[in-house]
Protein chains: 10
Amino acid sequence: MIPMTPDALTPPTTRPTRAELLAQIEAARQERGLTLTDLGAQLGADRVWLGAALHGQHPMPAPMAASLLGLLGLPESGAPVLTAFVSRGSFEALPPTDPTVYRLYEVLQVYGPTLKTLIHEEFGDGIMSAINFRLELGREAHPDGDRVTIKMAGKFLPYHWATPETN
Amino acid sequence: MIPMTPDALTPPTTRPTRAELLAQIEAARQERGLTLTDLGAQLGADRVWLGAALHGQHPMPAPMAASLLGLLGLPESGAPVLTAFVSRGSFEALPPTDPTVYRLYEVLQVYGPTLKTLIHEEFGDGIMSAINFRLELGREAHPDGDRVTIKMAGKFLPYHWATPETN
Amino acid sequence: MIPMTPDALTPPTTRPTRAELLAQIEAARQERGLTLTDLGAQLGADRVWLGAALHGQHPMPAPMAASLLGLLGLPESGAPVLTAFVSRGSFEALPPTDPTVYRLYEVLQVYGPTLKTLIHEEFGDGIMSAINFRLELGREAHPDGDRVTIKMAGKFLPYHWATPETN
Amino acid sequence: MIPMTPDALTPPTTRPTRAELLAQIEAARQERGLTLTDLGAQLGADRVWLGAALHGQHPMPAPMAASLLGLLGLPESGAPVLTAFVSRGSFEALPPTDPTVYRLYEVLQVYGPTLKTLIHEEFGDGIMSAINFRLELGREAHPDGDRVTIKMAGKFLPYHWATPETN
Amino acid sequence: MIPMTPDALTPPTTRPTRAELLAQIEAARQERGLTLTDLGAQLGADRVWLGAALHGQHPMPAPMAASLLGLLGLPESGAPVLTAFVSRGSFEALPPTDPTVYRLYEVLQVYGPTLKTLIHEEFGDGIMSAINFRLELGREAHPDGDRVTIKMAGKFLPYHWATPETN
Amino acid sequence: MIPMTPDALTPPTTRPTRAELLAQIEAARQERGLTLTDLGAQLGADRVWLGAALHGQHPMPAPMAASLLGLLGLPESGAPVLTAFVSRGSFEALPPTDPTVYRLYEVLQVYGPTLKTLIHEEFGDGIMSAINFRLELGREAHPDGDRVTIKMAGKFLPYHWATPETN
Amino acid sequence: MIPMTPDALTPPTTRPTRAELLAQIEAARQERGLTLTDLGAQLGADRVWLGAALHGQHPMPAPMAASLLGLLGLPESGAPVLTAFVSRGSFEALPPTDPTVYRLYEVLQVYGPTLKTLIHEEFGDGIMSAINFRLELGREAHPDGDRVTIKMAGKFLPYHWATPETN
Amino acid sequence: MIPMTPDALTPPTTRPTRAELLAQIEAARQERGLTLTDLGAQLGADRVWLGAALHGQHPMPAPMAASLLGLLGLPESGAPVLTAFVSRGSFEALPPTDPTVYRLYEVLQVYGPTLKTLIHEEFGDGIMSAINFRLELGREAHPDGDRVTIKMAGKFLPYHWATPETN
Amino acid sequence: MIPMTPDALTPPTTRPTRAELLAQIEAARQERGLTLTDLGAQLGADRVWLGAALHGQHPMPAPMAASLLGLLGLPESGAPVLTAFVSRGSFEALPPTDPTVYRLYEVLQVYGPTLKTLIHEEFGDGIMSAINFRLELGREAHPDGDRVTIKMAGKFLPYHWATPETN
Amino acid sequence: MIPMTPDALTPPTTRPTRAELLAQIEAARQERGLTLTDLGAQLGADRVWLGAALHGQHPMPAPMAASLLGLLGLPESGAPVLTAFVSRGSFEALPPTDPTVYRLYEVLQVYGPTLKTLIHEEFGDGIMSAINFRLELGREAHPDGDRVTIKMAGKFLPYHWATPETN
């Protein structure tokens, strides 16, 4: 058990909510002209992972949270918000209405069953993990207009009925 | 205008519905043990594109439809079904319930806004086209278990208010 | 009252359902290579209106129904189906999943409130009728790629509280 | 990397939220009797595009945001809100309940599949872009009552499977 | 208890389903050109009530069912279907997509709370019964175009907490 | 262009929101015991139309807004809220849960298709306008309990394909 | 018309909202340990009816509202909130998630059509009124554990097509 | 293990589906004029329980299934359908559209939270079981019109955290 | 009846809302590094049950509420919030979007009907109670990576038609 | 490439659909009185896994499919249906309406966030796999009535940003 000295702690009500803090971070990023690539480079974090953390989808290690707040001129009281337990998920409306995000959903509508079929044929009955996973955004030059590339890489997890005997 | 000789044409009612034909194709593929990779190699088609066509998401050129039906021992009356106009979309239930497909949706829930932010920062205000587009499924070897990779590449389309004067 | 001679009438059960008939019409159009523009020219009908009728959204005048069935080599028993009372509406899934149709919905998501504001500012509080209405599809040539144009024209209907005294 | 001097920046919390700012702009427009056409003329912007920006659907260039706020007597602190990254989409309820906006949705319900068919027949398998796009509202005089016209023009994008070899 | 002689009864499977019978009635009405007003006059039934019965919303008295089937040249085996117990409700999609029906729903969206307020102010806290009820469709002549009138009349039912003592 | 003197205008933020103002109006009506009939008589407005305006469904002419606020002892700053552009629609939940309003929805579920059929038979293929429209609430005396009557009257609008040639 | 003296009235903004007032009542009930049975006994009201009023489902007579606020030590300004017009309905999520309430919904899923059948067989085609209605909660002792009993009693309302002639 | 003699068994495909069998039972009940009360009396079953079984909500004991089919003149092949495992639930649309059933849902909307509160106050934190449960339909005579009564009785189940130690 | 001394009671408005209090508890837990296991040990409560109480799913006994607030350095005014009546249910979005929670939902999608079948075969027609119930989280060591185990144990409740005679 | 001899293969249309085959299997199981436990013992398969396969949630190895069909007296043509690729998911309605299955969903509503919290505290930020997983149904004897136990065991998968450098 951790010893506690309640009086020495920050009163919980001075903490911003996660939504307030994320809006402050967006505003500070815009004012300073800091892209996710810039921030990732300064914080030593992958820019996609960092973007997800700044959209409330991953908890941040404490030193990175402190560096981030310092870099953006925001008060330290936001740190425990960035490091706290997160409940993931980004969309209230289904499907997402923003056209840039919708196109990713459209890819799923048009190619989802094909991806399942190919994973089945290439790897067997199972899934691509979205937990042991990375995502990269890139650019593919082309005379008719550059292409956005998105690469997902997730560990293949075969369906495995894990009876104790077979461990 | 094309001259018409109605009597010489196949009566429309002998045609299978698209759902019936696709089920027959699936069954024939299973019996012959033909993967999408096998079929794509024989038909000279990209396996992801072909998979989408076999899930009713792309119309097929007439020679390819004829070859496919021959390869699978299915009657020629299915050809116009494969080459016909398609209304795209794969899911009746939202989100998709199959775990392999759901993980792709989960990626969208967790990383969708980050992808939008990065496209915005790297390319400007716009979208990754899902029309001028390709998708590749691959494998990344790893000692702890191979990874499934999915690569999307779509032309970047910037928001452009196309007034006639600016053309 | 119209005199009736029941025995002389077609038995109702030989009639195709609307869905069956529309599928037969689609198949016959595909086999003969007849576009909506071709059919409209031969039947003396606007191609957009005709397309809507062939998607089950408008009832057809009896002479046009007879000509259409003749042109496509389909049995006359389909005529009362084409001329019957229709219950309009095309989508079961909301929003529509097909990408071509979805883009029209996306226009509504992005520009719908602006169109309302502009109708209000230009015409007053009211609506653009979708009943006293026409729709045209066109092409606008452009060196970077032609543009699809869609023009809607509907009578402006101002909100009018039609008390009997003010008639 | 952009040099940063945090202390000199506006504190993020004095910024209005986007919803607050857009409500202030609507109120100021109403008080001054400024239509979108008026504002577009003064700001040198297309009135439909501007309307969408004022409904939170497009980010605004910084000089236009400054001019707009000046014209409406609103504080400069709103400028970064108008120029910030936007997540697009207007409707929480589906379909939209307002009758003026609903009629546009009804057009989609009645004519959507016809528009897809005609685009397919005239241009091939593809879509009308809603990104490389413009929209015009007009008036068509008529003795029985003028008509509202809405013209959409979007680049035709054919389905193209963009394998690296075919670039 | 009613004595039963099973063998003498119509085998249940020769009975049409309700959907089949209603489609046959619609087709026979169309072929004979019989409006609901015509049918109501011949059967001695209110045309609105009859229309609801023919849309599967009210069970029909046995003599009327027999007369109706005779009038339309349909087999007697449909009679028990018309007289059977009904589960009411017309729409699968919500709100209804047909424009004629949608306008009634739009009236509810725009004026529903006002009707509640006025019923409350005029009659007290309660409802207009939709069970002890009638509905009339009429025409109101007008030089600018006739008006459709719809009149609902339902017994006012005040909220009454019916404790046994107060009966 | 309207000359503007920004400093002389009411600061936008002192304006109540529409929801706040409508709640204040309801409270003031309750305290003064003013029914919609009373208010309509004093303001020279139809009580149903006025009720809809007080539920946020119609914009109010400026003189009526001023009179209404005076009558209810509310500050003048509410006037531009009452006269502003409205986005119509009353229900968040579908169908409406309030029993008085639900009965109107139930009428639509049970009689909606019949009303469409009768409009079709009596007037032709078209709709009853909900824009050029009035609604009346009345009372029909009856020994077993009075009846609530609701009368809708809307201009008949026939489906008309408004090609420019036929104007 | 009621004479009005605006200045003498309570300013509308000091009134609690209904949600605030109901939360205060719940808190005061909890602090004083007052059950609905206790309150009903003191106020002379049926406890089920009173519970519904305290959940915002029935307006309260003015003397009862005054007594209730006095009994709970709450300010008189809440009285007009309790006596005001109510829009009924308790659930935002459908079906309700709370297990105690869900079981009532489950009864409807399992026994709803049976109850309709039995009402039809016992009383004829019609409904049990939920307006002229009462509800009782009781206890049935049993050696294996007492049972909760819920008794609904509502006037039977037969479907009656109320043409003016038949009144 | 039960010995099996496959050849002696009824081929599975001659069995009606549950939906077919229940429709046949409804038709046979209607033809014979047999109410649920009649059937319950002859089969020795509670009429509410029996009604639920005939709506596919309870499996039937084999002797009762045999008696029921004999009584209704239906083939014995339906017996295993009536005795089979059931997946419960009656409504596809939510809320139910039939007015008789909807009123029960309305009771839940208006009184559901009150019933929870009263169960809590009278019995403690827990539920009324819908499994150890009965339902009775009755009639309460009244000079102004008889009342339908519905009585639910379910065992009270208190929330109990059943750790092994406390058993 | 309990005597009441209103003035001596805490004014209801100083009470935090449940959402505010639960957020304060989460923040205080995070600052003190107190896990549910730690808190359960100090409060003498099962950690799963306690977690549910801290997520607003169970009311807490008064002494435990007081201890908890003391332990976390939070004001006593939160105690009645923790002990108050709860309306259960955790998800607004369906299905839950968080991946950890979604996997539990996926288990239900894949194995739900099987669990019903096995409960039926092993115990008879009935349910596993979620009221007389416990839940345990554990760990199963394994060389390839430890496993999370979740054990549910709920009393079997057989369907029992509880007529008064059979009690 | 596998050599193909189309003529020698079973024609695809003689194959039952998966739904037809699963219904035949259920019927045959019922007629033979074979529980999942019996079948699992005879086929050497875990009964939960087998139940899921018989509900269409797992593909079956070919020898097991052959044994199963033989055991149940069903034709061999069903074998490829049982071994084919599956798209998983059991519920069309959400949440599931069957009470036995609903209770599992209720556990998720009441304890889902607690399970996430405990997994986080015990294992770290990650999930319990539903792919590398097993499920057991058991019985816990108890004097007051036996308990159903359900044990899930799934590999813990920590969130891991799998950049190629860190492999």
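Sequence lines set the chain letters: A, B, ... in the order given, protein chains first and strands last, and positions in each chain run from 1. As a basis for the values below, the full set of heavy atoms in this structure was taken, side chains included, without hydrogen atoms, waters or symmetry mates.
If you measure heavy-atom distances from E:L135 to chain F, the contacts under 4.5 Å come from the side chain alone. E:D125 does not touch chain F: none of its heavy atoms, backbone or side chain, sits under 4.5 Å away. Residue E:Y105 touches chain F through both its backbone and its side chain, counting heavy-atom pairs closer than 4.5 Å. Looking at E:E106, only its side chain comes within 4.5 Å of chain F, counting heavy atoms on both sides. For F:T37, the parts lying near chain E are the backbone and the side chain together; criterion is any non-hydrogen pair under 4.5 Å. Only the side chain of F:I131 comes within less than 4.5 Å of a heavy atom of chain E; its backbone N, CA, C and O stay farther away.
Considering only heavy-atom pairs separated by less than 4.5 Å from chain F, the leading option among E:E136, E:H58, E:H120 is E:H58. The greatest number of non-hydrogen atom pairs below 4.5 Å with chain E, out of F:N132, F:V148, F:I119, is found for F:V148.
Remark: side-chain polar atoms of F:E140 are not paired, donor with acceptor, to backbone N or O of E:A153 under 3.5 angstrom. A donor-acceptor pair is defined here as one N or O able to donate and one able to accept, closer than 3.5 Å; such a pair exists between the side chain of E:K155 and the backbone of F:D144.
Counting heavy atoms from C-beta outward, E:L115 and F:R103 have side chains that stay 4.5 Å or more apart. Side-chain contact check for F:E121 versus E:R29: some heavy-atom pair is nearer than 4.5 Å.
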